[in-house]
Amino acid sequence: MTEPFDVVDVIRTKRDGGELAPEQIDWVVDAYTRGAVGDEQMAALAMSIFIRGMNRAEISRWTQAMIDSGETMDFASLPRPTADKHSTGGVGDKITLPLAPLVAAFDVAVPQLSGRGLGHTGGTLDKMEAIAGWQAEIPNEQIMHMLGSGPGAVICAAGAGLAPADKKLYALRDITSTVDCVPLISSSIMSKKIAEGTDSLVLDVKVGSGAFMKDLDSARELATTMVALGTDHGVKTTAFLTDMDTPLGLTAGNALEVREAVEVLAGGGPADVIELTVALAREMLASAGKPDVDVEAALADGRAMDRWKAMVREQGGDPDAPLPVAEHTHDIVAETDGYLSRLDALAVGISAWRLGAGRARKGEQVQAVAGVELHAKPGDRVKRGQPVMTLHTATPERFDRAIDALEGGYDICEEKPAVRQSVVLDRIAGE
């Protein structure tokens, strides 16, 4: 087969700051997917994009090329409107678990095709697999049933056929230091979300030490780019910027986070988890044409819990089975009286990861029981000797490195500190 372009010319164009033609983008993504462009060549192009950037038209075309590399899903036949949510990842981010059944309680279908964790950020599928019997891999026919006549929400693994170009490119970016690049992050996320076929999408873009985006400016750039991509591809898209300097909720780890999510569905749970769950639910429901429903009532009266249990059962899980508990725990105690003034999300995330809650490379097994349980958040008063955190693991030899990760990760001061008033920092709407 004679190729219509020379990959060296495509690399040179972007390396020198030029704009890639639509035909060049279509070809290079397709050629890389089928192996006509080598890893070393795509790595050079990815680094050129990292350094030189892309304009809106280039990012939009790159996203479409990745969508076109595989299959797409179509929810047009469903009797319910669809609304989806994507988080860029953080520490203690269990929001998908209560959010999907909560939105489904208002007869809006939620196709939450999710992923696994890598490094210090947790994965939704890893959390759900802490539930006895629950299966992540289900066929498309079952997804359609669950969204149509079933509970109205599904949390499952995305099929291998969705945007295979992105799967191949992400693995390359991960080993070439080109992950944190707005054009490549945004097209990676949005190609999969658009291929899923949802009517509307709400993005939760994390900001802070435990997030990929460390500052508001970079997070806003990413959110704005993704909202524009959704708009360009006919998906009603909005984004929230949310705080990830401090872990979300009081747990980081798989079974620990499921327990906390169930507490929210039962009408309790930490205030920040409730706030973000409700805010995202309202946005998703408004995007689906239901702006005036009482979201809190569905948590209080058990409707959301009923959807959760039905959703878990449909995938072989037992929602009433006890969650696994770690055999080994270790308390981190306050060394002085005072107020907790800072609790670094990255430090907590790395500690949970080292305890066994996360993986260093794809394919590694994670511990359902591992993680960090928080007994205080910034602004809370603590006493000398009081546990501030409890570390959980099945393998106690992991404690030393997990404790090391928390060194300098929290502060206790004499005066009560000012604390954040809301986990939601900003909202970005489409055109």
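FYI, the numbering just counts along the sequence from 1. Values in this document were obtained by computation on a predicted structure and should not be read as measured data.
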Exercise. Does the pair Asp320/Arg313 count as a salt bridge with the N-to-O cut at 4.0 Å?
Worked result: yes
Exercise. Any sub-3.5 Å donor-acceptor pair from Ser60's side-chain atoms to Arg56's backbone N or O?
Worked result: no
Exercise. Taking the side chain from Thr329 and the backbone from Thr390, do they hold a donor-acceptor pair closer than 3.5 Å?
Worked result: no
Exercise. Any donor-acceptor pair under 3.5 Å linking the side chain of Arg401 with the backbone of Arg354?
Worked result: no
For this session: Provide the closest heavy-atom pair for Ala347 versus Gly409 in the form atom of the first, atom of the second, distance.
Result: CB-CA, 3.9 Å
For this session: Mark yes or no for whether Gln315, through its side chain, and Val154, through its backbone, hold a donor-acceptor pair below 3.5 Å.
Result: no
Exercise. Does any pair with a residue in residues 2-42 pass ring-ring contact (aromatic ring centres under 6.0 Å, His included), and if so which ones, sequence neighbours excluded?
Worked result: Phe5-Trp27
Exercise. Can Lys206 and Ser87 be said to form a side-chain hydrogen bond (donor to acceptor under 3.5 Å, both in side chains), step by step?
Worked result: CA-CA 7 Å; Lys206 302 295 187 187; Ser87 167; 4.6 Å; no
For this session: Test Leu203 against Leu201 for side-chain contact (heavy atoms from CB on, under 4.5 Å), laying out the working first.
Result: CA-CA 6 Å; Leu203 299 162; Leu201 174 65; 3.8 Å; yes
Seminar exercise, completed: Exactly one candidate in Leu184, Asp232, Thr225 meets side chain to side chain contact (heavy atoms under 4.5 Å, CB included) with Ile59; the answer is Thr225
Problem set entry | Sidechain N-carboxylate O distance under 4.0 Å for Glu58, Arg52 | no
For this session: Dump the intermediate steps for side-chain contact (heavy atoms from CB on, under 4.5 Å) on Glu129 and Asn254, then the final yes or no.
Result: CA-CA 8 Å; Glu129 285 177 337; Asn254 300 310; over 6 Å; no
Exercise. Among side-chain atoms of Thr124 and Gln112, is any donor-acceptor pair under 3.5 angstrom?
Worked result: no
Problem set entry | Exercise: identify the closest heavy-atom pair between Ala345 and Val91 | O-CG2, 3.3 Å
Exercise. How far apart are the closest heavy atoms of Ala130 and Ala368, and which atoms are they?
Worked result: CB-CB, 4.0 Å
For this session: Taking Thr395 for its side chain and Glu397 for its backbone only, find out whether a donor-acceptor pair lies under 3.5 Å.
Result: no
Problem set entry | Salt bridge flag under 4.0 Å for residues Glu19 and Arg61 | no
Problem set entry | Short side-chain donor-acceptor distance under 3.5 Å, Ser191 and Asp166 | no
Exercise. Checking salt bridge (charged side-chain N to carboxylate O under 4.0 Å, His left out) for the pair Asp272/Arg420: CA distance, chi angles, key distance, verdict?
Worked result: CA-CA 10 Å; Asp272 55 352; Arg420 68 187 184 194; 3.2 Å; yes
Exercise. Would the number of heavy atoms belonging to other residues, nucleotides or ligands and lying under 6.0 Å from CD of Glu407 be above 12?
Worked result: no
For this session: Evaluate whether atom CD of Gln365 has more than 12 neighbouring non-hydrogen atoms of other residues, nucleotides or ligands under 6.0 angstrom away.
Result: no
Problem set entry | With Thr82 via side-chain contact (heavy atoms from CB on, under 4.5 Å) - residues at least two apart | Phe75, Leu78, Ala109, Pro111, Thr198, Asp199
Exercise. Does Arg80 use its side chain to pair, donor to acceptor, with the backbone of Asp107 at less than 3.5 Å?
Worked result: no
For this session: May I ask you to decide if Ala105's main-chain N or O and Arg303's side chain share a donor-acceptor pair within less than 3.5 Å?
Result: no
For this session: Please lay out, stage by stage, how Glu260 and Lys127 fare under the test salt bridge (charged side-chain N to carboxylate O under 4.0 Å, His left out).
Result: CA-CA 11 Å; Glu260 190 167 270; Lys127 304 182 206 302; over 6 Å; no
Exercise. Looking only at heavy atoms, what is the nearest atom pair of Leu102 and Ala281, with distance?
Worked result: CD2-CB, 3.7 Å
Seminar exercise, completed: Here the gap from Ile274 atom CD1 to Leu299 atom CG, rounded to the nearest 0.5 Å, amounts to 7.5 Å
Exercise. Under the 3.5 angstrom rule, does the side chain of Glu327 hit a backbone N or O of Val325 as a donor-acceptor pair?
Worked result: no
Exercise. Can we say Arg12 and Asp9 salt-bridge, meaning some charged N sits less than 4.0 Å from an Asp/Glu carboxylate O?
Worked result: yes
Problem set entry | Closest non-hydrogen atom pair between Ala219 and Leu241, with its separation | O-CD2, 3.8 Å
For this session: In sequence, state the C-alpha distance, the side-chain angles, and the governing distance for Leu276 and Val424, and then conclude on side-chain contact (heavy atoms from CB on, under 4.5 Å).
Result: CA-CA 7 Å; Leu276 186 53; Val424 178; 4.1 Å; yes
Exercise. So, for Lys14 and Gly53, which heavy atoms are closest and what is the spacing to 0.1 Å?
Worked result: NZ-O, 3.0 Å
For this session: Measure from the side-chain N and O atoms of Lys94 to the backbone N and O of Leu248, and report whether any donor-acceptor pair falls under 3.5 Å.
Result: yes
Exercise. Just by distance, do the side chain of Lys377 and the backbone of Pro247 share a donor-acceptor pair under 3.5 Å?
Worked result: yes
Exercise. Would you call Arg359 and Asp126 a salt bridge, taking side-chain N to carboxylate O under 4.0 Å as the test?
Worked result: yes
